[in-house]
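Okay, so here's the structure we're looking at.
To find a chain, count down the sequence lines: A is the first, B the second, and so on, and within it residues start at 1. In this text, all values refer to a predicted model and were calculated from it rather than measured experimentally.
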There are 2 protein chains.
Amino acid sequence: MAQTRRRGPALEAALLDAAWAELEASGYDRLTMEAVAERAGTSRAVLYRRWPSRPELVIAAMRRHRPMLSGEIPDTGSLRGDMLAVLRRMSQRLAETGLETIYGLIGDYVSSAESFDDLNDQVLHISADVMTTILKRAADRGEARPGVPQRVATVPTDLFRNELFRHRTPPSDQAIVEIIDEIFLPLVT
Amino acid sequence: MAQTRRRGPALEAALLDAAWAELEASGYDRLTMEAVAERAGTSRAVLYRRWPSRPELVIAAMRRHRPMLSGEIPDTGSLRGDMLAVLRRMSQRLAETGLETIYGLIGDYVSSAESFDDLNDQVLHISADVMTTILKRAADRGEARPGVPQRVATVPTDLFRNELFRHRTPPSDQAIVEIIDEIFLPLVT
DNA sequence: TCCCTTTAAGATACGAGCGTATCTAATTAA
DNA sequence: TTAATTAGATACGCTCGTATCTTAAAGGGA
């Protein structure tokens, strides 16, 4: 009998594929290390050697399956349009990933996180750079005052994030519009 | 041998006291239903009959030990002073409760919550009423424009909450001041 | 090419805690 | 005194994270 024992990258890929399949089949909170290992035809120890926890495994699987490329910075020609585009894209990506997975990951990370950052980079992070760029372009067009402080620049994403936690669902389009029109635009013009 | 078997309220009180003691002794994430039951001299089943999950047990224990009275609405004579007082009080209460417990509870609730609301009432909630009252008084003094929309009124607590999640620590005093001075006050005056 | 050393895959077992179900007997209420 | 509750004990299967052991796979030197 050909005893094939996978190693290195090939094994790792198989493990991540198994994790992804398990995520699709069972959802985040029914996903067990046990089940992933079994699906990959190996044992938990092999999993733990690579990823010390379930959220880290899942994030690795997501990274493999869905590169989650950061995307270009919207350039619609208006500050308002750019901001709406950014927030709507965030909402869309969260929805694509699946809310159950999102909240499962957030919950695990908030509970135990040594590194909240990983998750943040993967699913919550919109770089302050994006906001800065958009604001700079707007200032050049005369749409926004120059020198908007960092804390003000990130208000839209901060309030977005708050909505996400507060209501356990991504902001409605109405909420997004309110954040931009009632809060952000008055602050930067 | 006097077989004393506690019932009803007396038993419930003993269970909550045991949970509280266990919380102080081990902290939130080392607190197990097992240990609470043992400390109370009973079994897990008795616990689960009353509280279906660890966070709910802990919140009940907190409610018993620390009534978490909502507190009066600050009235310092200025809008800025009132807002600072509200946010600083939030920070202080979170610190008193213990960050490890706070983040443990939040994590559990975000993960699985059927009812995020319980937690919210207990530790995160600052009523929109508080903000409305403060703003009304400020408007009467001529410090704020009247008719500030709800979404604007809650900006300080929303951003506070965002900081709490984003950095996994309550906002610094500097952050609180920035939220008030750079964002909130410009929006309402 | 063969051998030998190093690495790490995969199997197995551990104690712990989970949440649930079942049974008994103590307590309470009628 | 009897009937209804429900406390407390015990045991179930499951998953966790870790530790240990074996042996397959990869690499290096002659």
Close N/O contacts between protein and nucleotides 13-16 of chain D (under 3.5 Å):
| residue | atom | partner | partner atom | Å |
| --- | --- | --- | --- | --- |
| D:dC16 | OP1 | A:Met33 | N | 3.0 |
| D:dC16 | OP2 | A:Met33 | N | 3.2 |
| D:dC16 | OP2 | A:Glu34 | N | 3.0 |

Please list, pair by pair, any protein nitrogen or oxygen found under 3.5 Å from a nitrogen or oxygen in nucleotides 4-6 of chain C.
none

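Side-chain N/O atoms of B:Arg50 include one lying less than 4.0 angstrom from OP1 or OP2 on D:dA7. OP1 or OP2 of C:dG10 has at least one side-chain nitrogen or oxygen of A:Thr42 nearer than 4.0 Å.
Nearer the 5' end of DNA chain D, as judged by each residue's closest nucleotide, is the contact made by B:Arg7, out of B:Arg7 and B:Ala40.
By the salt bridge (Lys or Arg N to Asp or Glu O under 4.0 Å) test, A:Arg6 pairs with no residue at all, sequence neighbours left out.
Residues in residues 179-189 of chain A take part in these salt bridge (Lys or Arg N to Asp or Glu O under 4.0 Å) pairs, two or more places apart or across chains: A:Arg80-A:Asp181.
Taking atom CZ of residue B:Arg5 and atom C1' of nucleotide D:dA7, one finds them 4 Å apart after rounding to whole Å. What separates CH2 of B:Trp51 from P of C:dG19 is a distance of 15 Å, to the nearest Å. One atom, CD of A:Glu38, and another, C1' of C:dT12, lie 15 Å apart when rounded to the nearest Å. With rounding to whole Å, B:Glu12 atom CD is found 14 Å from D:dT6 atom C1'. Rounded to an integer number of Å, the gap from B:Asp29 CG to C:dA16 C1' is 16 Å. In this structure, B:Arg6 atom CZ and C:dT28 atom C1' are separated by 17 Å, rounded to whole Å.
When all heavy atoms are compared, the tightest approach of A:Leu135 to A:Ala144 is CD2-CB, 4.2 Å. What you find for B:Met131 and B:Pro156 is that their closest heavy atoms are CE-CG, 3.9 Å.
Residue contacts for A:Arg49: at a heavy-atom cut-off of 4.0 Å it reaches a base atom on one of the strands shown.
More than 12 heavy atoms of other shown residues, nucleotides or ligands fall within 6.0 angstrom of atom CZ in A:Arg50. Counting non-hydrogen atoms of other residues, nucleotides and ligands closer than 6.0 Å to CD of B:Glu96 gives a total above 12.
The bend of the helix from C:dT1-D:dA30 to C:dA30-D:dT1, defined by the angle between the axes of its first five and last five pairs, stands at 10° to the nearest 10°.
Within the cation-pi definition used here (under 6.0 Å to the ring centroid, within 45° of the axis), B:Arg161 does not qualify as a partner of A:Phe165.
Side chains of B:Asp158 and A:Asn162: a donor-acceptor N/O pair is present below 3.5 angstrom, by distance only.
A salt bridge between B:Glu163 and A:Arg151 is present, with a side-chain N of the basic residue lying under 4.0 Å from a carboxylate O of the acidic one.
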**OP:** Show your working on side chain to side chain contact (heavy atoms under 4.5 Å, CB included) between B:Asp29 and A:Ser111 and close with a plain yes or no.
**Re:** CA-CA 8 Å; B:Asp29 39 62; A:Ser111 291; over 6 Å; no

Donor-acceptor contacts, no H, no angles, side chain residues 33-40 of chain B, under 3.5 Å, sequence neighbours left out:
| residue | atom | partner | partner atom | Å |
| --- | --- | --- | --- | --- |
| B:Glu34 | OE1 | B:Arg44 | NE | 3.4 |
| B:Arg39 | NE | B:Glu22 | OE1 | 2.5 |
| B:Arg39 | NH2 | B:Glu22 | OE1 | 3.1 |

